[in-house]
Peer 1: 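Let me begin by handing over the structure; questions about it come next.
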Amino acid sequence: MSEHVDIDKQVRIYFLVFGALMVGTAATVGAYYLDVSVPVALTIGLFIASVKASLVACFFMHLIDEKKIIYWTLALTVAFFIALMALPILTSVTDQVGDFAEVEAHEPH
Amino acid sequence: MEIPYTVEAHPETGLNNGKIGIWLFLTSEVMLFGALFATFIMLRLGSDGNWAAMQAEAELNIPLATLNTAVLIASSLTMVMAWASLMRGQLGRFKLFGWLTVGCGGIFLVIKYFEYTAKFEHHHYPESSTFLAIYFAMTGLHALHVIGGMAWNAYFTGPGSKVFHTNRQWLTDRVEHSGLFWHFVDLVWIFLFPVFYLL
Amino acid sequence: MMDAMFPAAASEHAGRIDNMIDAVHYLMLALFIVWGVFFVYVLMRFRASRNPKADYVGVKSKMSTYGEVAVAIAEGILLLGFSIPMWAERVDEVPPESDATVIRVVAQQFAWNVWYPGADGEFGAQDLSLIDEATNPIGLDRDSEAGADDIWTVNQLHLPVDKPAIIHLSSKDVIHSFNLPNMRIKQDTIPGISIPVWFVPTKTTAQIREETGNPDYVYEIACAQLCGNSHYSMRGFLTVHTEEEFQAWLDEEASYLTGSDDDFFDF
Amino acid sequence: MAEPVHASPAHDEHHHEQSFWRKYIFSTDHKVIGVQYSVTGLAFLFFGFVLMMVMRWNLAYPGEPIPFIGSLLGDNRAPGGIMLPDFYNELGAMHGTIMVFLGVVPLAVGGFGNFVMPLQLGAPDMAFPRINMISYWCLFMGGVTMFASFFLPNGAAGNGWTSYSPLADIALNGQTAWLIGMIFLITSSLLGAINFITTAIQLRAPGMTWMRLPFFCWAQIVTAFLLLLAFPPLEAAGVLQLMDRVANTSFFIPEGLVVGGEVLERSGGGSPLLWQHLFWFLAHPEVYVLILPAMGIVAEVIANNSRKPLWGYRSMVYSLIFLGFMSFIVWAHHMFITGMGSVMSTFFQTTTMIISIPSVIILSALFISLWGGSIRYNTPMLFALGFLPMFGIGGLTGLPLGLSAADIPLHDTYYVIGHFHYVVAPGTLFALFAGVYYWFPKVTGRKMNEFLGKLHFWPSLVFMNGVFFPMMIQGLNGVSRRLADGGITYDFAGEVAGLNRMMSVSAWCLAVAQIPFIINFFMSIRNGEKAGRNPWNSTTVEWLAPSPAPHGNFDQPIEVVRGPYEYSVPGSDKDYVPQAEPAST
């Protein structure tokens with residue numbers, strides 16, 4: 001970061017972000033005890049986690065005010081990350097594969 | 001011989017070498033944990049609905065993990081405050097926040113240790129189920145990162161901080177870079193916590 | 001062009017796959033010849049002793065761009081015209097099981113267990129705890145509903161000619177690959193899942209022996225995926241019969257069931 | 001020499017004396033590290049080659065005792081000198097692993113990348129010299145682990161370099177050591193990649209804009225990105241497989257496996273295909289990690305020895321970047337016959353056909369660059385020229401394998417082996433030899449012997465083809481790969497089994513053909529013809545440094561003023577204009 005940044009203002013932001021992260025954590029745990037259905041819980045949980053992660057990345061890691069070359073590198077990583085995330089889908093969704101349900105696995109004893 | 005741009009920023013990119021290096025390292029970390037998350041999703045999708053049962057059987061301790069999340073978030077705050085103190089030129093406060101960060105990492109690991117031993121006491125091992133396998137793989141790798149980050153921070157807070165008097169900018173930059181790593185480790189935990197304990 | 005190199009083709013789709021491989025090789029050859037001729041000419045024409053002063057600009061024509069576009073078009077044709085439809089036929093257009101010979105093959109280190117449903121056309125249940133390498137390698141439960149008349153063999157696959165064969169492939173231990181070179185069929189067997197392959201054999205073993213002039217010619221089953229130390233010898237046999245011969249073979253196999261359970265040494 | 005040899009640079013004397021250890025063993029100088037990488041890479045290439053020669057004995061003469069060394073191998077490998085199939089599998093797996101991860105990558109990326117790239121950029125060193133040193137020592141540790149695994153009680157890993165689970169999960173051989181070795185090698189590559197990219201971004205000399213970058217540097221940058229982003233998934237997969245082996249987890253093991261008649265006591269729930277996806281997510285880009293630096297070397301040597309600019313430099317650079325990008329989304333074309341549906345296979349064969357276009361563009365541009373040149377046939381040029389048709393064959397034979405329908409009979413046959421060996425052996429290796437001959441004067445200050453170089457090239461060219469071309473024929477006949485007896489168990493393979501002897505003899509002759517190189521290499525270090533700064537009259541920046549270059553590289557400030565390949569510029573008095581020399585008006 002360059003020298004002219006008003007560090008006192010930054011510190012105030014850090015404490016605000018810290019508060020928001022704590023609230024987010026509480027909210028995630030709270031939502032868990034609400035006992036909602038799995039898809040809703042997944043959506044809420046991952047949404048809050050993404051918001052928290054963005055807060056960390058943007059403010060603690062200064063991504064909100066970063067140089068172009070780092071944005072480019074991260075954009076590239078995101079592209080390949082998406083390809084990587086396609087992987088579990090490819091592993092589990094193979095339309096040719098039949099089910100093997102008839103084969104029961106009976107463990108001995 | 002001097003390597004250019006170790007401290008001062010490159011006029012074109014506006015960054016020094018270390019900053020680019022640490023971000024490149026973090027991109028590879030993104031792909032590393034990404035592959036593990038992909039594995040997690042695959043195992044969960046392929047579990048034929050047994051996932052919730054495996055998770056319940058593993059008896060993860062949610063209050064402890066919540067506490068651990070709070071500890072890591074607090075350590076992120078102290079980390080960034082350590083850097084801010086250096087920016088302000090306050091060596092004493094930097095050391096205070098630096099050791100607080102390392103200490104938070106230590107608390108996190110101690111809690112993690114209690115969590116792990118509780119699992120082992122109940123004979124929940126990585127081999128017991130795919131849930132426990134990926135749980136131990138990911139949280140274990142994360143814990144290794146915490147240890148690495150602690151060592152890094154401890155060096156700059158302790159012996160490394162002598163440079164403050166000769167090359168303050170260098171120290172500030174290094175602390176910023178180790179902070180980036182530390183925040184990334186925190187960021188990974190922010191996903192690990194709900195994914196394993198709550199969802 | 002290259003048919004002489006391929007193993008004798010004996011399934012309905014084999015010819016089309018061979019033609020496609022031929023076509024790709026024509027494209028490759030054309031490209032290689034164009035590059036080769038250009039290359040040899042350039043090496044002679046522009047050697048330093050003959051051309052002491054190099055030309056700063058070099059080639060000005062757009063020929064290479066046209067060439068690259070042509071390659072792209074040729075690849076597009078191979079892709080859209082041949083490969084994609086042929087693959088879809090392999091994996092999507094599996095004929096109904098009622099019109100086909102349905103068989104299971106359970107691969108293991110280092111043999112192919114072939115499992116026929118028997119007279120009732122239904123497979124019996126499989127129970128891993130019943131597995132005995134000598135007497136029951138597939139873990140067939142003879143007491144299950146459809147299991148009494150099931151037939152299994154080791155390394156001996158028998159099929160009737162001109163009728164689609166659907167083979168459900170699975171594996172007991174590691175990944176193997178079910179390779180029928182004459183049928184242009186190859187499919188990995190992945191433990192934990194069952195994958196169907198299908199093809200229509202068009203030549204009986206007797207016919208292929210006559211065609212090749214080799215009285216000992218056999219259709220072989222090879223393993224194409226490294227599966228352990230005896231991978232190299234994981235050899236099975238496919239015999240293609242006429243419909244009547246196939247029935248006769250099935251009846252004969254079934255007759256062993258009434259006598260003894262042990263049909264391990266009957267091949 | 002067209003250019004006068006500069007007097008020995010004065011500032012050498014200002015350097016304080018370093019101890020032998022700091023100077024040559026734990027050096028942070030990118031040139032020393034580059035040489036360390038190169039020597040390690042060459043040594044492992046030789047070792048991997050020896051493994052292959054032993055394998056080829058069993059392929060040519062299955063079941064016969066191995067001459068000379070057979071009795072030395074021990075009863076658990078070759079009782080009575082006759083190779084056991086398990087030992088064959090070990091040799092096969094370790095040949096692949098060593099050639100790829102310990103031979104070509106250390107030489108092409110670690111060696112040439114480290115030595116040449118900073119010089120070409122006009123940089124004093126790498127951005128992180130100490131990380132550079134750690135990266136080499138990680139590689140070294142990985143190499144030691146791999147090498148030592150041969151002496152484990154159950155031998156080295158023998159599950160193919162692909163290490164497919166569940167076989168690799170349950171195998172009793174040295175797979176665990178393989179995984180630990182791989183984790184070292186991956187760490188080394190990651191650290192190296194970070195260093196390369198940072199150096200290229202930050203340490204280019206003034207005036208060295210992106211479009212003035214030599215093609216070799218571009219190739220190294222794209223390669224570094226591939227390593228950086230593709231290797232971590234394999235590292236993750238390696239950790240998971242390690243857990244499968246030592247902690248009895250089931251990441252890659254489904255429920256209900258029966259091994260040797262016994263039900264495997266595992267929780268199950270994993271997927272063998274997951275390993276393949278994670279593995280090929282790296283291993284396809286890895287192919288480009290092998291080939292891109294080779295293309296970079298060939299581009300440098302061809303521009304220099306045809307005395308004219310590269311044709312279509314810009315489109316080559318864009319093709320290169322596109323190639324690197326696309327290489328991340330083609331991986332599953334290695335997995336067509338794992339039970340892939342038509343949607344997935346359509347996607348992956350389409351991307352595979354798309355990725356072939358930039359390769360064709362780069363190769364065509366290299367061919368066309370020769371047109372109008374004034375071609376000098378020295379040893380580096382011969383190897384670079386040899387690369388072009390050999391890589392052409394390797395690339396073209398990829399086409400039928402990339403089309404899923406044509407892949408059915410060809411998959412996992414010797415056609416595949418022939419294909420990728422054409423890419424890597426007469427392709428990449430020829431380019432690497434070109435690089436060794438080309439940059440040898442920069443490393444040692446002396447040129448290698450031309451006669452021995454040619455004696456190295458021509459037999460190598462002949463025997464390389466003698467080894468690999470018959471593989472195509474065997475592959476079309478359907479002979480599977482990784483068969484310990486070369487396929488004689490099978491009737492259909494028997495027809496072409498005789499080719500095995502020809503290939504094996506070619507392989508052993510190929511070994512003999514390397515003798516001139518080895519002699520030349522060691523002889524020229526001391527006795528070679530002295531080379532000045534710029535023995536090849538080259539334009540790029542590395543030739544402005546003294547040969548050998550001192551710590552810190554340059555004895556004059558470097559300011560780049562023009563593109564990298566300004567050869568035979570009209571109106572110039574000599575046929576090359578260095579990149580970093582003020583324009584003569």
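These figures come from a predicted structure and were not determined experimentally.
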Peer 1: How far does CG of A:L42 sit from CZ of B:R44, to the nearest 0.5 angstrom?
Peer 2: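 Nearest 0.5 Å value for the CG-CZ distance: 5.0 Å.
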Peer 1: Do you know the tightest heavy-atom contact between B:F191 and A:A53?
Peer 2: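 Taking B:F191 first and A:A53 second, the nearest heavy atoms are CE1-CB, 3.5 Å.
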Peer 1: Do A:V56 and B:H183 make a side-chain contact, defined as non-hydrogen atoms from C-beta onward lying under 4.5 Å apart?
Peer 2: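 A side-chain contact under 4.5 Å exists here.
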Peer 1: Can you find a pair of side-chain heavy atoms, one from A:I7 and one from B:W83, that are under 4.5 Å apart?
Peer 2: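 In contact.
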Peer 1: Select one option (side chain, backbone, both, neither) describing which atoms of B:I62 are under 4.5 Å from chain A's heavy atoms.
Peer 2: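 Contact with chain A involves the side chain of B:I62 alone.
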Peer 1: Measuring only between side-chain heavy atoms, which start at C-beta, is B:K19 closer than 4.5 Å to A:E66?
Peer 2: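 In short, these two side chains touch, coming nearer than 4.5 Å.
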Peer 1: Is it the side chain or the backbone of B:L180 that comes within 4.5 Å of chain A heavy atoms, both, or neither?
Peer 2: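 For B:L180, backbone and side chain are both near chain A.
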Peer 1: Less than 4.5 Å to any heavy atom of chain A: does that hold for the side chain of B:S76, its backbone, both, or neither?
Peer 2: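 For B:S76, the contact with chain A is made by backbone and side chain together.
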Peer 1: Under 4.5 Å heavy-atom distance to chain A, tell me which part of B:V195 shows up: side chain, backbone, both or neither.
Peer 2: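 When you check distances to chain A, only side chain atoms of B:V195 fall under 4.5 Å.
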Peer 1: If you define the side chain from C-beta out and look only at heavy atoms, does anything of B:Y197 sit under 4.5 Å from A:T28?
Peer 2: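 With C-beta onward as the side chain, the pair stays apart.
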Peer 1: How long is the span from the OH atom in A:Y32 to the CG atom in B:L199, to the nearest 0.5 Å?
Peer 2: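 A:Y32 OH to B:L199 CG: 10.0 Å, rounded to 0.5 Å.
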Peer 1: Which side-chain N or O atoms in residues 25-40 of chain B pair as donor and acceptor under 3.5 Å with protein atoms at least two apart or in another chain?
Peer 2:
from, atom 1, to, atom 2, distance (Å)
B:T27, OG1, B:L24, O, 2.5
B:S28, OG, B:F25, O, 2.8
B:E29, OE1, B:H145, NE2, 3.4
B:E29, OE2, B:H145, NE2, 2.3
B:T39, OG1, B:A35, O, 2.8

Peer 1: Would you mind telling me which of B:L198, B:D186, B:L187, B:I20 has the largest number of heavy-atom pairs within less than 4.5 Å of chain A?
Peer 2: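 Ranked by heavy-atom pairs under 4.5 Å with chain A, first place is B:L198.
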Peer 1: Non-hydrogen atoms of chain A under 4.5 Å away: do they reach the side chain of B:A9, the backbone, both or neither?
Peer 2: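 Neither part.
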Peer 1: Does the side chain of A:H62 reach to within under 4.5 Å of the side chain of B:E176, using non-hydrogen atoms?
Peer 2: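 With C-beta onward as the side chain, the pair touches.
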Peer 1: Rounded to the nearest 0.5 Å, what's the gap from CD1 on B:I73 to CG on A:L21? Could you check?
Peer 2: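 Reported to 0.5 Å precision, the distance equals 5.0 Å.
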